[in-house]
A.B. asks: 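Can you keep this structure in mind? I'll have questions shortly.
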Amino acid sequence: MMEFTAAQIAEALQGKVEGDENVKVNNVAPIEQGKPGTLSFLSNPKYTEYIYGTEASIVIVNEDFKPEKPVKAALIKVPDAYQAFATLLTMYEQAKPVPEGIDSMSKIDETAKVGEKVFVDTYAVIGKNAKIGDRVQIHAQAYVGNNVTIGAGTVIYPGVKIYHDCVIGKQVTIHAGAVIGADGFGFAPKKGENYQKIPQIGNVVLEDHVEIGANTCIDRATMGSTIIREGVKLDNLIQVAHNVEIGHHTVMASQVGISGSTKIGKDCMFGGQVGLAGHINIGDNVKAGAQAGISGNIKDNQTVLGSPAISYIRERKAMAVYRNLPELWRKLNDLEQKINN
Amino acid sequence: MMEFTAAQIAEALQGKVEGDENVKVNNVAPIEQGKPGTLSFLSNPKYTEYIYGTEASIVIVNEDFKPEKPVKAALIKVPDAYQAFATLLTMYEQAKPVPEGIDSMSKIDETAKVGEKVFVDTYAVIGKNAKIGDRVQIHAQAYVGNNVTIGAGTVIYPGVKIYHDCVIGKQVTIHAGAVIGADGFGFAPKKGENYQKIPQIGNVVLEDHVEIGANTCIDRATMGSTIIREGVKLDNLIQVAHNVEIGHHTVMASQVGISGSTKIGKDCMFGGQVGLAGHINIGDNVKAGAQAGISGNIKDNQTVLGSPAISYIRERKAMAVYRNLPELWRKLNDLEQKINN
Amino acid sequence: MMEFTAAQIAEALQGKVEGDENVKVNNVAPIEQGKPGTLSFLSNPKYTEYIYGTEASIVIVNEDFKPEKPVKAALIKVPDAYQAFATLLTMYEQAKPVPEGIDSMSKIDETAKVGEKVFVDTYAVIGKNAKIGDRVQIHAQAYVGNNVTIGAGTVIYPGVKIYHDCVIGKQVTIHAGAVIGADGFGFAPKKGENYQKIPQIGNVVLEDHVEIGANTCIDRATMGSTIIREGVKLDNLIQVAHNVEIGHHTVMASQVGISGSTKIGKDCMFGGQVGLAGHINIGDNVKAGAQAGISGNIKDNQTVLGSPAISYIRERKAMAVYRNLPELWRKLNDLEQKINN
């Protein structure tokens with residue numbers, strides 16, 4: 001990393017320096033691990049205490065931050081410290097060289113169409129009639145099945161497996177080990193015999209700007225498409241079953257599981273390990289707390305918690321009583337005795 | 001897809017047409033997305049409303065289906081619409097060419113025995129003394145360890161990893177990223193030191209007609225075998241620990257976790273994210289609702305729910321009261337006051 | 001396996017034979033599956049009943065074990081039967097040949113430094129400036145990114161993906177499909193637009209003697225390091241988010257999920273499917289029961305259960321009442337009626 005002064009960084013972020021404008025940094029660090037020469041930021045109020053002791057030379061803060069004690073670091077005040085820091089990191093990332101070129105130890109079917117400035121790394125496989133857009137990166141040991149389409153600027157990390165016929169948008173990121181387009185889990189019971197497999201002849205569509213975490217699985221539709229809309233962000237180890245649809249800009253933490261044919265609206269936020277039943281409808285802007293178990297439809301703008309999930313407020317109240325159930329039980333028995341005597 | 005008339009499809013399914021026998025379809029679609037020229041089916045009553053508005057040209061229905069409003073589509077009546085549709089899709093799938101041949105960029109150890117009409121795709125690896133049955137498909141970048149046996153007709157999708165000594169039956173399907181035969185999680189505590197690893201010298205046995213979902217993990221036994229019996233179907237991201245046994249035709253939805261040495265009977269059905277403790281016995285035909293936490297033995301034919309799981313009926317009743325705990329608490333306090341005053 | 005007498009095994013374990021010193025075994029088996037010629041062990045009291053019927057020729061038992069009925073097998077008495085058995089299995093494992101050598105169909109960047117007696121199997125990839133210690137095993141189709149360091153004696157199983165800049169200690173084991181160093185899940189919301197990705201420029205550090213299960217994901221830090229301390233053992237399908245730290249010798253069963261920036265102490269034990277919120281602190285020697293949902297800080301030496309997790313004792317009591325909520329509800333209503341009439 002190059003060296004920058006507080007003044008230079010403030011200029012790039014259109015922020016205001018408080019403290020030594022000329023102090024220099026050449027690296028970044030979390031605020032609680034800041035060392036001289038590092039740049040940090042403060043956004044989560046939980047970490048406010050660290051700013052008074054941090055050794056970081058510069059800290060980016062929200063413009064409404066007012067220190068209650070002396071701060072050694074130079075401060076750069078901006079409207080949104082988290083976003084400003086993200087912008088800086090992005091500038092840093094974008095300065096890195098972008099990999100390009102086809103490794104001789106990769107296998108691209110001769111019928112595939114490959115755009116310009118594409119990167120295909122060692123032992124990657126691209127199937128028949130696949131269409132790979134410009135500047136796509138297919139990292140080592142990734143697999144792109146027959147007839148798959150991948151839009152411009154998308155990054156497929158090592159070992160990702162994309163089954164045949166899936167459609168991946170532009171500027172999508174798929175992390176290592178994710179599996180896109182494996183068969184949905186469909187079997188028709190047959191008395192006293194093996195289940196009859198329902199062939200899964202649909203596909204998966206990931207729209208633009210989607211990010212898929214490591215080892216996450218998105219199953220192909222029985223018929224039609226499993227659809228992940230623009231800007232959706234899925235963390236690691238998530239299960240998306242066949243014929244699910246996830247609306248624009250919805251984000252889900254890791255280990256969420258969504259059963260078949262469930263439709264989820266836009267701008268939703270799900271905590272880790274949330275589970276959703278099949279064939280239900282979740283509205284827009286729904287929030288679900290970690291480990292919630294959602295078994296029925298949910299309307300727009302609801303926040304739910306618990307398993308089975310109910311409204312957040314109600315669940316919080318029920319939880320509070322739950323902890324005191326032994327006491328409640330005792331009270332009730334006392335009362336009963338009193339009355340019956 | 002070729003074009004078929006309603007009469008032709010009815011004949012193949014031994015069903016009865018109601019409506020235009022000559023209407024043609026050349027594709028399939030879910031009923032709520034049906035378009036002219038597509039074939040659909042109605043089985044789940046939740047979707048009945050869609051039949052009155054669907055643009056699908058033909059819909060396969062159960063023979064006892066009686067429309068309450070006019071239906072535009074031609075109907076094909078059969079005893080079981082879901083199974084009939086599955087049969088059609090299977091016929092379609094079976095018409096596809098089956099991949100065959102050994103890619104020059106795969107690595108098959110010279111001591112391995114490979115059957116007839118086998119498919120081994122690019123960058124796949126087959127280890128020493130492995131035995132690969134006829135018509136087995138080993139897709140790209142899959143790994144078959146030393147001494148592994150794979151029965152005829154089995155399909156190993158891209159990137160599957162099968163550790164040494166495992167035994168895979170006939171007509172088994174293993175989806176991308178699944179790991180068969182990694183070490184069970186066994187460590188002996190040693191005070192004030194690193195845990196002592198218990199070597200896992202057993203294997204995994206998958207019997208015939210088993211299907212394993214993407215990124216599911218089945219650990220090898222400490223000694224003996226982790227056994228998945230005939231016809232078991234496991235969804236994605238499931239954890240099966242060492243020395244587990246899963247009985248015939250049991251099915252599990254995604255993200256189920258089974259701890260070590262637990263035995264599960266036949267014909268069980270587990271919802272998503274169910275967890276099972278170790279060293280317990282689950283009977284035949286047991287059903288567990290999503291997110292259940294099973295901590296003890298369960299007898300045949302039980303349906304359980306909740307964490308810790310109890311009988312479904314009891315859990316449903318407890319859940320109903322749980323939601324009203326704040327009210328219950330209030331009531332109790334009111335009563336107490338009344339009595340004490 | 002070679003053949004050994006009870007006397008020979010007892011000598012190796014410094015144990016004492018009760019029964020026929022000359023009986024021979026040539027294999028091992030779980031006690032409930034013991035056959036003539038096999039060696040087994042009894043440690044978990046749940047399995048005590050099997051010792052009276054087992055056909056195993058020798059059983060290793062704790063020295064305080066007193067049979068209540070005649071036992072056919074020869075017994076070898078040792079202070080800790082589980083550990084003694086582990087020692088035997090380890091001796092057996094260590095007698096196996098260790099793989100060594102570089103497969104011609106692997107790709108090692110010319111700038112990488114590779115130690116002595118290293119094993120690099122088919123289709124494995126080792127990136128630029130990677131440093132691979134002595135006796136490291138990199139199995140088939142594994143991926144070691146640029147600038148990764150791997151300490152001596154570490155085993156990387158097939159298909160593991162290690163992103164750039166990560167640091168892996170000595171004697172570490174990483175099972176198939178695990179992903180080390182994928183991007184942490186960090187996005188800054190932007191109203192009405194796509195989320196802004198926070199580049200994740202940190203890394204992952206696995207210290208010595210760590211074991212990572214199949215398909216487990218450990219994300220790289222936003223800045224700094226996600227750190228897994230010496231001797232930590234993680235089972236399969238676990239999620240470790242960015243900037244998490246897990247203390248020495250902590251063990252976690254499968255499908256645990258840990259949110260970002262959470263710090264976990266040493267010697268903790270977490271059951272399967274436990275979830276932890278982000279930005280919290282868990283003390284040393286904390287135990288969490290399966291499926292616990294930990295939403296806040298926990299002090300040293302606590303045992304917790306439930307979701308949200310509370311003290312084990314309190315949760316057990318609350319659970320007991322929970323099951324009887326319908327009865328409690330009825331009682332309360334009865335009382336109410338009595339009083340109001």
Side-chain angles (χ1 to χ4, degrees), chain A residues 107 123 125 141 143 145 159 161 163 177-179 182-183 185-188 190 193-201 215-217 219 221-224 237 239 241 243 255 257 259 261 273 275 277 279 291 293 295 307-308 310 314-315 317-318 320-322 324-325 328 331-332 334-335 338-339, chain B residues 27-30 33 40 44 46-47 80 82-83 85-87 89-90 92-93 103 105 121-123 139-141 157-159 173 175-177 209 211 213-215 230-231 233 235-237 249 251 253-255 271-273 290-291 306-307 319 322-326 328-329 332-333 335-336 339:
Chain A
K107 165 90 173 279
Y123 307 133
V125 171
Q141 302 146 332
Y143 173 83
K161 308 302 176 203
Y163 281 51
V179 176
D183 281 356
F185 194 66
F187 300 91
K190 273 188 156 178
E193 268 189 81
N194 277 312
Y195 283 86
Q196 180 178 7
K197 181 174 173 76
I198 318 288
Q200 306 287 308
I201 67 171
N215 283 344
T216 280
C217 299
D219 279 352
T222 310
M223 302 169 281
L237 292 165
Q239 154 71 359
N243 289 91
Q255 297 177 323
S259 305
S261 299
Q273 298 180 335
H279 299 280
Q291 295 189 330
S295 54
S307 177
I310 55 177
R314 190 160 185 159
E315 175 69 17
K317 286 182 186 162
V321 180
Y322 174 82
N324 294 307
L325 276 181
L328 191 154
K331 265 191 179 188
L332 181 61
D334 288 352
L335 272 193
K338 238 185 212 173
I339 291 171
Chain B
N27 209 341
V28 294
Q33 294 168 24
S40 194
N44 185 338
K46 243 182 141 164
Y47 288 80
D80 183 332
Y82 188 45
Q83 210 173 88
F85 195 77
T87 301
L89 290 180
T90 303
Y92 169 69
E93 278 287 285
D103 191 280
M105 291 306 300
D121 204 1
T122 321
Y123 307 133
H139 286 254
Q141 302 146 331
Y157 278 104
T173 301
H175 278 285
H209 302 287
E211 182 150 346
N215 283 345
E230 189 181 337
K233 312 293 182 188
D235 201 350
N236 302 336
L237 292 165
H249 306 304
V251 295
S254 77
Q255 297 177 321
Q273 299 181 333
Q291 296 190 328
S307 177
M319 278 174 177
Y322 174 81
R323 290 170 194 211
N324 294 307
L325 276 182
L328 191 153
W329 183 250
L332 181 61
N333 287 332
L335 271 194
E336 207 179 22
I339 292 169

A.B. asks: Based on non-hydrogen pairs under 4.5 Å, which of A:Lys317, A:Gln273, A:Lys331 is most in contact with chain B?
C.D. replies: A:Lys331
A.B. asks: Return yes if some donor-acceptor pair links the side-chain N/O of B:Arg323 with the main-chain N/O of A:Ala318 below 3.5 Å, else return no.
C.D. replies: no
A.B. asks: Could you grab the distance from atom CG of A:Asn324 to atom CH2 of B:Trp329, nearest 0.5 Å is fine?
C.D. replies: 5.0 Å
A.B. asks: Name the region of B:Glu336, side chain, backbone, both or neither, that has any atom closer than 4.5 Å to a heavy atom of chain A.
C.D. replies: both
A.B. asks: At what distance, to the nearest 0.5 angstrom, does CG of B:Asp103 lie from NZ of A:Lys107?
C.D. replies: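 Output value for this atom pair is 3.5 Å.
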A.B. asks: Is chain B contacted by the side chain of A:Gln200, its backbone, both, or neither, given a heavy-atom distance below 4.5 Å?
C.D. replies: neither
A.B. asks: Nearest 0.5 Å, what's the OH-CD distance between B:Tyr322 and A:Glu315?
C.D. replies: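 Going from OH on B:Tyr322 over to CD on A:Glu315, the span is 3.5 Å.
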A.B. asks: Considering non-hydrogen atoms only, spot the tightest contact between A:Phe187 and B:Lys233 and give its length.
C.D. replies: CE2-CD, 3.6 Å
A.B. asks: What are the two closest non-hydrogen atoms of A:Lys161 and B:Gly159, and how far apart are they?
C.D. replies: CE-CA, 3.5 Å
A.B. asks: I'd like to know which of A:Ala178, A:Gly293, A:Pro199 tops the heavy-atom pair count under 4.5 Å against chain B.
C.D. replies: A:Pro199
A.B. asks: Please step through side chain to side chain contact (heavy atoms under 4.5 Å, CB included) for the pair B:Glu93 and A:Ile201, ending with a clear verdict.
C.D. replies: CA-CA 8 Å; B:Glu93 278 287 285; A:Ile201 67 171; 3.6 Å; yes
A.B. asks: Between chain A and each of B:Thr173, B:Leu328, B:Val251, B:Leu332, count heavy-atom pairs under 4.5 Å; write down the option with the most.
C.D. replies: B:Leu332
A.B. asks: Between B:Gln83 (side chain) and A:Ala188 (backbone), is there a donor-acceptor pair under 3.5 Å?
C.D. replies: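 No; zero donor-acceptor contacts below 3.5 Å.
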A.B. asks: What part of A:Gln196 gets closer than 4.5 Å to chain B, counting heavy atoms only: side chain, backbone, both or neither?
C.D. replies: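 For A:Gln196, the side chain is the part near chain B, not the backbone.
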A.B. asks: Quick one: which of A:Ser259, A:Ser295, A:Ser261, A:Gly275 has the most heavy-atom pairs under 4.5 Å with chain B, could you say?
C.D. replies: A:Gly275
A.B. asks: Is B:Gln255 reaching over with its side chain to a backbone N or O of A:Leu237, donor-acceptor style, under 3.5 angstrom?
C.D. replies: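 Indeed, once roles are kept as given, a pair shorter than 3.5 Å links the two residues.
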A.B. asks: Could you go through B:Thr122 and A:Tyr143, starting from their C-alpha distance and side-chain angles, then the distance that decides it, and tell me whether this counts as side chain to side chain contact (heavy atoms under 4.5 Å, CB included)?
C.D. replies: CA-CA 10 Å; B:Thr122 321; A:Tyr143 173 83; over 6 Å; no
A.B. asks: Sort A:Asp219 into side chain, backbone, both or neither according to what part of it lies under 4.5 angstrom from a heavy atom of chain B.
C.D. replies: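 A:Asp219 touches chain B through side-chain heavy atoms alone.
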A.B. asks: With a 4.5 angstrom heavy-atom cut-off, which part of B:Ala176 approaches chain A: side chain, backbone, both or neither?
C.D. replies: both
A.B. asks: Got B:Leu325 and A:Leu325 here, is their nearest side-chain heavy-atom distance under 4.5 Å?
C.D. replies: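 In contact.
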A.B. asks: Name the member of B:Met105, B:His139, B:Lys46 that forms the most heavy-atom pairs with chain A at distances under 4.5 Å.
C.D. replies: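 Top count of heavy-atom pairs under 4.5 Å with chain A: B:Lys46.
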A.B. asks: Whether the side chain of A:Gln239 engages the backbone of B:Asn236 through a donor-acceptor N/O pair (distance < 3.5 Å, no angle test) should be reported.
C.D. replies: no
A.B. asks: I need the residue from B:Glu230, B:Glu211, B:Met319 with the largest number of non-hydrogen atom pairs under 4.5 Å to chain A.
C.D. replies: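 Maximum pair count with chain A is reached by B:Glu211.
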A.B. asks: Would B:Leu335 and A:Ile339 count as a side chain to side chain contact (heavy atoms under 4.5 Å, CB included) here? Give the steps.
C.D. replies: CA-CA 11 Å; B:Leu335 271 194; A:Ile339 291 171; 5.8 Å; no
A.B. asks: Checking heavy atoms, do the side chain of B:Asp80, its backbone, both or neither come under 4.5 Å from chain A?
C.D. replies: neither
A.B. asks: Would a distance-only check, ignoring hydrogens and angles, find a side-chain to backbone donor-acceptor pair under 3.5 Å from A:Gln141 to B:Tyr123?
C.D. replies: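 Answer holds: no.
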A.B. asks: Can any side-chain N or O of B:Asn215 pair as donor or acceptor with the backbone N or O of A:Val179 at less than 3.5 Å?
C.D. replies: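 No; judged by distance alone, with no hydrogens or angles, the pair does not exist.
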A.B. asks: Of all the heavy-atom pairs spanning A:Asn194 and B:Gly231, show the shortest one and how long it is.
C.D. replies: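 Nearest heavy atoms, A:Asn194 then B:Gly231: OD1-CA, 3.1 Å.
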A.B. asks: Grab the two heavy atoms, one from B:His249 and one from A:Tyr195, that are nearest each other, plus how far apart they are.
C.D. replies: O-CE1, 3.3 Å
A.B. asks: Looking at chain B, which one of A:Ser307, A:Gly224, A:Gly186, A:Gly145 has the largest number of heavy-atom pairs inside 4.5 Å, strictly under?
C.D. replies: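 So the answer, after comparing A:Ser307, A:Gly224, A:Gly186, A:Gly145, is A:Ser307.
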